[in-house]
Participant: 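The structure is given below, and queries will be raised subsequently.
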Amino acid sequence: MTETIASGPAGSAHVDDQPRPGRWLALAVLVLAVLLVGVDATVLGLATPFLSEDLKPSGTQLLWIGDIYSFVIAGLLVSMGSLGDRIGRKKLLLIGSLAFGAMSAVCAYATSPEMMIAARALLGVAGATLMPSTLALIRNLFHDPKERSLAVGIWGAMASAGTAVGPVLGGFLLGHFWWGSVFLINLPVMALLVVIGIKVIPESRNPDPGPWDIPSVALSLVGIVGVVYAIKEAAVHGYRWDILLAGLVGALALIVFVRRQLTLPSPLLNMKLFHHRGFSGAVLADLLTILGLSGLVFFLSQFLQMVQVRSPLNAGLTELPAAVGAVGAGLAAGFVARRLSVRLVVAGGLGIVGLSLVGSTTLHADTGTPSIGLILFVVGVGAGFSFTVTADVILSSVPKEEAGAASAVSETAYELGSALGIAVLGSIVTGIYRGFTAPAGIPEAADHAARESLGGAIEAAKSLPAEQGADLLKAAQQAFVNGLDIAVGVSAVVLLSAAVAAWYLLRGQELGNSPAQPAAEADTHPKPEPEPMGGKGA
């Protein structure tokens with residue numbers, strides 16, 4: 001089975017293997033979408049204090065604003081990746097870009113916590129089309145393994161650059177405009193992507209994909225959202241019957257989803273991809289890594305602004321070393337992995353991140369910028385090596401016609417890990433924070449508002465006499481730092497566990513080779529035994 005690419009002939013393996021003219025220009029356009037997603041993920045954390053003051057969300061609503069985007073993306077990524085394989089990845093990318101821009105405008109002008117949560121959910125629907133489309137198009141633009149490794153490195157570096165641009169640009173905007181401006185910056189980037197992308201990105205799709213199975217789409221969405229919702233709510237409210245029911249429904253939906261994929265002639269997700277040890281190991285490493293990092297990323301901006309009382313721009317600049325380290329490591333990852341080994345680079349990178357997080361468990365209100373910057377730089381280097389190499393392994397482990405679905409699995413692991421990290425680690429921070437001892441004589445209303453969130457404590461302190469307000473704020477800030485330190489310690493354990501798992505699961509993996517036959521056909525041709533990384537070329 002050959003891959004259909006609209007701008008060139010399909011059919012011959014020889015033709016498909018020729019370098020595509022204009023592929024680097026097309027890559028430059030694709031990474032605009034990646035840059036945008038990185039910016040969008042980081043500016044929300046900076047805008048949280050301002051959003052809290054304006055919309056006045058409860059602590060639970062604040063968590064939903066942070067993670068509903070990830071919940072929806074995680075639930076729809078596989079479906080959208082498979083849809084791109086069927087209708088065309090370029091087409092889906094451009095439609096999703098337009099929708100992403102429109103929903104960003106809705107977020108910017110939200111007038112209530114409920115409206116913001118709904119807008120972020122719809123933004124997640126649009127966002128689910130972007131990342132798998134970009135990776136799948138890279139898989140089909142670059143047939144040479146070394147070129148593809150470099151392209152994936154640039155893709156990963158731009159994702160990291162987004163995390164650098166986001167805080168700095170967001171800090172500037174928040175210093176001069178209202179919080180909604182951090183969403184409006186998405187619009188010109190999306191417009192540029194659509195206008196240029198129409199001309200320079202070649203279309204690609206699976207020439208014989210079969211129908212898009214709607215029941216599978218519904219099952220994957222209900223399953224992932226149900227399970228993640230149950231985990232999040234149980235961590236905050238305990239195991240109520242409705243929470244347990246949501247988790248049970250989600251788990252059953254995922255079981256039925258997997259069973260259905262194994263019986264469909266044209267599944268939404270080819271479950272046999274997971275028979276490839278490198279594919280499974282890379283996906284698991286990504287899931288655990290982002291689970292461990294997401295809580296830190298989400299709460300770090302609040303720590304810098306609400307505990308250390310930095311301006312948004314200062315907070316953004318303080319977080320910059322993480323992105324700088326990740327960009328450099330991402331660009332060098334392919335070269336280093338070829339000189340050393342895949343598992344050494346991935347496991348070593350994760351180990352470095354885990355050890356750096358151990359050092360972060362002593363964060364306090366007086367921790368200086370150099371110390372924070374050094375820790376974040378090392379975290380960025382380790383994460384940059386790991387994420388770039390695992391993305392290359394995932395793309396290299398599947399045939400081109402299934403690149404969209406495989407890329408979606410990778411991004412699902414990322415988004416699911418992000419949602420779980422914010423839910424679980426955020427619940428640790430919130431649980432410890434709410435248990436702080438308020439100074440004597442605090443009015444009940446102020447005490448209740450302060451326990452909802454750190455932003456609520458800042459507002460409550462303003463309504464009290466100066467000395468009493470200062471005491472309340474100091475107690476709340478200390479409780480927040482205590483919760484953050486414990487959450488970071490849990491993150492360190494998760495990252496070190498991910499390093500061990502990657503060391504065992506990625507043994508024998510090589511970078512850049514593709515399977516000689518589709519994974520779905522591997523069991524029908526048992527001889528010769530396939531190599532861990534498949535055949536000899538793209």
Side-chain angles (χ1 to χ4, degrees), residues 1-11 16 20 23 26-27 29-30 32-34 36-37 72-103 122-142 155 190 193-221 257 260-261 264-271 273 394-395 398-412 415 518-520:
M1 183 159 57
T2 57
E3 180 76 11
T4 298
I5 302 181
S7 60
D16 278 350
R20 293 194 56 78
R23 60 194 180 280
L27 175 66
V29 176
L30 289 176
L32 280 177
V34 179
L36 182 65
V37 172
V72 174
I73 281 189
L76 289 177
L77 273 169
V78 170
S79 301
M80 292 302 182
S82 179
L83 181 62
D85 288 342
R86 285 162 166 77
I87 70 171
R89 293 147 191 155
K90 173 183 176 179
K91 181 186 298 182
L92 186 65
L93 176 68
L94 297 180
I95 292 173
S97 299
L98 289 172
F100 197 91
M103 288 304 102
L122 292 174
L123 191 68
V125 176
T129 68
L130 299 181
M131 296 299 275
S133 296
T134 57
L135 262 181
L137 286 165
I138 287 173
R139 172 68 177 86
N140 289 277
L141 278 169
F142 296 92
W155 178 89
M190 284 292 92
L193 189 156
V194 171
V195 171
I196 301 179
I198 290 174
K199 296 183 177 296
V200 304
I201 299 175
E203 183 60 282
S204 70
R205 63 175 65 87
N206 187 338
D208 186 25
W212 199 52
D213 188 55
I214 299 300
S216 295
V217 174
L219 287 168
S220 67
L221 179 61
F257 173 81
R260 185 174 181 84
Q261 303 318 295
L264 288 174
S266 300
L268 197 71
L269 174 63
N270 182 2
M271 301 307 296
L273 293 176
I394 288 169
L395 283 183
V398 301
K400 289 188 294 182
E401 60 269 14
E402 297 186 75
S407 301
V409 171
S410 170
E411 293 304 316
T412 299
E415 295 297 341

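As the structure is a computational prediction, the values presented were derived from the model and not from experiment. Residue numbers run from 1 in the order of the sequence given.
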Participant: Measuring only between side-chain heavy atoms, which start at C-beta, is L98 closer than 4.5 Å to M190?
Facilitator: no
Participant: Go through the steps to decide whether M103 and V125 satisfy the test side-chain contact (heavy atoms from CB on, under 4.5 Å), and finish with yes or no.
Facilitator: CA-CA 10 Å; M103 288 304 102; V125 176; over 6 Å; no
Participant: Can you tell me how far CE of M80 sits from CD1 of I95, rounded to the nearest 0.5 angstrom?
Facilitator: 10.0 Å
Participant: K90 and side chain to side chain contact (heavy atoms under 4.5 Å, CB included): which single residue from I87, L93, L94, L92 fits?
Facilitator: L94
Participant: For A126 versus T129, what's the shortest heavy-atom pair and its separation?
Facilitator: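 So the minimum-distance heavy-atom pair works out to O-OG1, 2.7 Å.
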Participant: Say you draw a straight line from CG of L193 to CG of L130; how long is it, rounded to the nearest 0.5 Å?
Facilitator: 8.0 Å
Participant: Show your reasoning for whether side-chain contact (heavy atoms from CB on, under 4.5 Å) applies to S79 and L221.
Facilitator: CA-CA 9 Å; S79 301; L221 179 61; over 6 Å; no
Participant: Let me confirm one number: the CZ-OG distance from R260 to S220, rounded to the nearest 0.5 Å.
Facilitator: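 Between atom CZ of R260 and atom OG of S220 there are 11.5 Å.
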Participant: Once rounded to the nearest 0.5 Å, what's the spacing between atom CG of D213 and atom CG of L219?
Facilitator: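 Taking CG in D213 and CG in L219, the distance rounds to 8.0 Å.
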Participant: How many angstroms lie between atom CZ of R89 and atom CG of L30, to the nearest 0.5 angstrom?
Facilitator: 12.0 Å
Participant: Which pair of heavy atoms, one from V194 and one from S97, lies closest together, and at what distance?
Facilitator: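 Nearest pair, atom of V194 first, then S97: CG2-CB, 3.8 Å.
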